[in-house]
Amino acid sequence: MTTSFGQSTVLGYPRIGAHREWKKAVEAYWAGTLDAAGLEDVAAGLRAEVWWTLRDARLDAIPSNTFSYYDHVLDTAVAVGAVPRRFARLGLGQLDTYFAMARGVDAAPALELTKWFDTNYHYLVPEIDPDTVFTAHPEKALSEFAQARDLGITTRPVLVGPATFLLLAKGDDPFARLDDLVDTYARILTALADAGVAWVQLDEPAYVADRTAAEIDGLRHAYRRLGELPRRPRIFVATYFGDLGDALPALLDTPVEAVGLDLVAGPGNLRRLAAAGPLRGKTVVAGLVDGRNIWRTDLRAAAATGATVAGLADHVAVSTSCSLRHVPVDLSAETHLDPQLSARLAFARQKVDEVVLLGRALRDGTTNLPAPLPPIPPAWRHDDVRGRLAALRPTDRHRGDYAERADRQQERLGLPDLPTTTIGSFPQTAELRRARAAHRAGTLDDAGYTERMRAEVEQVIRLQEDLGLDVLVHGEPERNDMVQYFGEQLDGFAATMHGWVQSYGSRCVRPPIIHGDVARRAPMTVAWSTYAQSLTDRPVKGMLTGPVTILAWSFVRTDQPLADTADQVALALRDECRDLESAGIRIIQVDEPALRETLPLRQADQKAYLDWAVGAFRLATGGVADDTQIHTHLCYSEFGEVITAIDALDADVTSIEASRSKMEILDDLAAIGYRRGVGPGVWDIHSPRIPPHHEVVDALRRAVAAVPARRLWVNPDCGLKTRTYSEVEASLRHLVAAAAEVRAS
């Protein structure tokens, strides 16, 4: 790269491989069937493939250090030496210490896992204590830069910026350590400059959320200090996911050479930029191509926005609005999709082409760009669904008084104090995945597939009875994913074959595409739930995914308000709840783990979102009788920020991730006077670590101190599909025994 930024770039690219090569490699390493050298060979190949793809697309500026063995925030923690003492003293090698921080080991629980702003990507939360000693470790960034250079490609290393890193961290006022951390970044930047790096990208997305004046002053202070370094690369500060607000003039008031603005999710950035006046000596990197959704860009409108930006700065480059890690790799692999739908889509590879085309248009003044697509085809409309929505009444979103419901439910269910249950899924074994693949391929017929899944359901029921759980689940062996499964059975959705997106670590999902009106064709879960209930006298939960989570974990149409699409999904789920109830299912769980995830980052926008999100959940669950118990589940987000909305959901029982966050949610619930059932998770299922009996007892005793035993449920943090049966059986035995011990006391 020359000292010029260039005309086109992206903020990042998918790092899992077009066929999830990284997932397979890293899981083989964890299983002991691939050594560290083999793992690095796969990593090097994936990095090279991305760089070649971006070079061949004629992208001007190519990022590096965006590949990660697990998580880019964890990478930054290692780069600045923020390795908590419990991991440093394990005596493991560098790679295994890294994975211990991500996944935990017996002697050291993992770092907390939570959502990356308002996306479905999970990051590992750094821990910053007063005794944390920051030290510069630029080796990974330097190694990737050198690898690309050896391939003839000059790249721009990327790190999470120092202010965002501390604002995302946990500890005793991490942001107070900003000066110390900036010193460490200064050493990293100097090392990069010494290696020949011309540009570095520092990501500061935390400033699109509400920030105090002190935090904004900290941003200005940090980049003034870094900008004044005598030897450093040119600095590109990237922001994304919304409007910078008052942080934009603060950032412009520093010596950094380039600032990236999301003009898709943050249109207000353009007004702020205009108010700042002409920008001399700076590049504005305009995020004109949506990095989070898969719809084609309206290139004519984007070019017009780019031309406006060009009138405000010395130099403008075109980029994606954020990293492309949030979308699938390549649309060309999806040969089965309806051509009318394919024509409207762009995955990561196609978005790069859009960025390059817009960059050329901006440079050359080209106006010969494709016209926007017409409205959705009539076949994608459902007039009966639209009619049902128009006829809804406020009473459709309400049930009876909770206290009366609770009495009727207890009379029907007869559960003990501290009832034990799980969240839904049981391990998805290799045999189950092979059976599903054979069924898709047509080598296993419907009858054979049903027989195989029923055998698994029976095994799961018998195991739960043997373990002594009070409320059972059918284990969801037939479900490939908690959203995709429903999307494949609802009108208005399309499923991809290869549209994988990283959720965390090696966990990948294939988000369905909502392209039209949503309608239920037939019952989706009733047969599986009723079969499971026929095998046992204990209650079996019906398992559904809530409307907000289905939207959050799908690629959603943008031609109507999200609230309307959410209510369409809610109507389908309402019908499913009624059918489950009619079939004799006494407990129905409607999971909403994405409730907090989808919360707008600015407080001014949050009430409107929570109104429709809560309303959609209540529409989905409001049609059952008072003696049917409604559960919901929420996990891996900062739920204290939506605690009143959790209460407003009016679920009879809410299970919430709590093990990594040490039961913090209970204080939030107590503060609002929460009076319904709650199940704070006592086992971190995102770690292979089996929680010892005493640890579960201690967690339950903390919970009982905050919640009366009659309202407290005992459960893991989340579903068990990623765990092995040996881990599940041992951990659940500890869970049941701990519940019995605390119940007896």
- Is there a side chain to side chain contact (heavy atoms under 4.5 Å, CB included) between V704 and L712 once you walk through the steps? CA-CA 7 Å; V704 169; L712 188 67; 3.6 Å; yes

[X] bridged to [Y] by N-O distance under 4.0 Å:
{"X": "D481", "Y": "R510", "value": "no"}
{"X": "R388", "Y": "D575", "value": "yes"}
{"X": "R412", "Y": "D626", "value": "no"}
{"X": "R676", "Y": "D650", "value": "yes"}
{"X": "D564", "Y": "R557", "value": "no"}
{"X": "D210", "Y": "R602", "value": "yes"}
{"X": "D647", "Y": "R675", "value": "no"}
{"X": "R743", "Y": "D470", "value": "yes"}
{"X": "R574", "Y": "D567", "value": "no"}
{"X": "R520", "Y": "D579", "value": "yes"}
{"X": "D652", "Y": "R399", "value": "yes"}
{"X": "R462", "Y": "E458", "value": "yes"}
{"X": "R434", "Y": "E431", "value": "yes"}
{"X": "R381", "Y": "D383", "value": "yes"}

- Let me know which of L467, D466, L463 forms a side-chain contact (heavy atoms from CB on, under 4.5 Å) with L732.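 Of the listed residues L467, D466, L463, the side-chain contact (heavy atoms from CB on, under 4.5 Å) partner of L732 is L467.
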
[atom1]/[X]: more than 12 non-hydrogen atoms of other groups inside 6.0 Å:
{"X": "Q410", "atom1": "CD", "answer": "yes"}
{"X": "Q459", "atom1": "CD", "answer": "yes"}
{"X": "R521", "atom1": "CZ", "answer": "yes"}

Tell me yes or no: between the side chains of [X] and [Y], is some donor less than 3.5 Å from an acceptor?
{"X": "S503", "Y": "H122", "result": "yes"}
{"X": "H631", "Y": "Q629", "result": "yes"}
{"X": "Y485", "Y": "T545", "result": "no"}
{"X": "D591", "Y": "Q589", "result": "yes"}
{"X": "W528", "Y": "E476", "result": "no"}
{"X": "E465", "Y": "T536", "result": "yes"}
{"X": "E592", "Y": "T632", "result": "no"}
{"X": "R344", "Y": "H515", "result": "no"}
{"X": "D491", "Y": "H382", "result": "yes"}

Do the side chain of [X] and the main chain of [Y] share a donor and acceptor less than 3.5 angstrom apart?
{"X": "Q464", "Y": "V473", "answer": "yes"}
{"X": "T421", "Y": "V471", "answer": "yes"}
{"X": "K721", "Y": "N480", "answer": "yes"}
{"X": "E456", "Y": "L432", "answer": "no"}
{"X": "S425", "Y": "L720", "answer": "yes"}
{"X": "R440", "Y": "A435", "answer": "no"}
{"X": "T549", "Y": "G546", "answer": "no"}
{"X": "Q428", "Y": "T722", "answer": "no"}
{"X": "Q606", "Y": "Y609", "answer": "no"}
{"X": "T628", "Y": "V624", "answer": "no"}

Is the shortest heavy-atom distance from the side chain of [X] to the side chain of [Y] under 4.5 Å?
{"X": "V540", "Y": "S529", "answer": "no"}
{"X": "T654", "Y": "Y674", "answer": "yes"}
{"X": "I423", "Y": "N715", "answer": "yes"}
{"X": "F117", "Y": "L601", "answer": "yes"}
{"X": "I656", "Y": "P680", "answer": "no"}
{"X": "K115", "Y": "Y121", "answer": "no"}
{"X": "V548", "Y": "E597", "answer": "no"}
{"X": "V742", "Y": "R701", "answer": "yes"}

- Going through the distances and angles, do F426 and H474 end up as a ring-ring contact (aromatic ring centres under 6.0 Å, His included)? CA-CA 8 Å; F426 265 64; H474 81 285; 9.9 Å; no

- Task: Please report the C-alpha distance between R405 and D401 in whole Å, then the side-chain angles of each, then the deciding distance to 0.1 Å, and finally whether the salt bridge (Lys or Arg N to Asp or Glu O under 4.0 Å) criterion is met.
- Result: CA-CA 6 Å; R405 296 197 321 251; D401 177 74; over 6 Å; no

- Message: Ring centroids only, cut at 6.0 angstrom: are H734 and W683 within range, meaning strictly under it?
- Response: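 Centroid distance H734-W683: not below 6.0 Å, so no.
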
Could you state the interatomic distance from [atom1] ([X]) to [atom2] ([Y]), rounded to the nearest 0.5 Å?
{"X": "L571", "Y": "L619", "atom1": "CG", "atom2": "CG", "result": "5.0 Å"}
{"X": "L168", "Y": "K170", "atom1": "CG", "atom2": "NZ", "result": "12.5 Å"}
{"X": "I630", "Y": "T621", "atom1": "CD1", "atom2": "OG1", "result": "5.5 Å"}

- Message: Before you tell me yes or no, could you show the steps for D517 and R386 under salt bridge (Lys or Arg N to Asp or Glu O under 4.0 Å), namely the whole-Å CA-CA distance, both residues' side-chain angles and the distance that decides it to 0.1 Å?
- Response: CA-CA 8 Å; D517 291 342; R386 293 175 177 240; 2.6 Å; yes

- Query: Considering residues at least two apart in sequence or located in another chain, which fulfil the side chain to side chain contact (heavy atoms under 4.5 Å, CB included) criterion with N293?
  - Reply: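 Counting only residues at least two positions away or on another chain, N293 forms a side chain to side chain contact (heavy atoms under 4.5 Å, CB included) with D290, W295, F555, T558.
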
- Task: I would like to know whether R452 and E478 meet salt bridge (Lys or Arg N to Asp or Glu O under 4.0 Å); could you show each step before the answer?
- Result: CA-CA 9 Å; R452 176 67 189 87; E478 79 288 359; over 6 Å; no

- Query: How far apart are the C-alpha atoms of R408 and E404, what are their side-chain angles, what is the distance that settles it, and do they pass the salt bridge (Lys or Arg N to Asp or Glu O under 4.0 Å) test?
  - Reply: CA-CA 6 Å; R408 294 184 62 182; E404 295 178 7; over 6 Å; no

- Message: Could you walk me through whether Q533 and R538 satisfy the side chain to side chain contact (heavy atoms under 4.5 Å, CB included) test, starting with their C-alpha distance in whole Å, then the side-chain angles of each, then the deciding distance to 0.1 Å, before giving a yes or no?
- Response: CA-CA 8 Å; Q533 186 64 77; R538 303 181 193 187; over 6 Å; no

- Message: Could you go through E576 and T525, starting from their C-alpha distance and side-chain angles, then the distance that decides it, and tell me whether this counts as side chain to side chain contact (heavy atoms under 4.5 Å, CB included)?
- Response: CA-CA 8 Å; E576 190 74 11; T525 66; 2.7 Å; yes

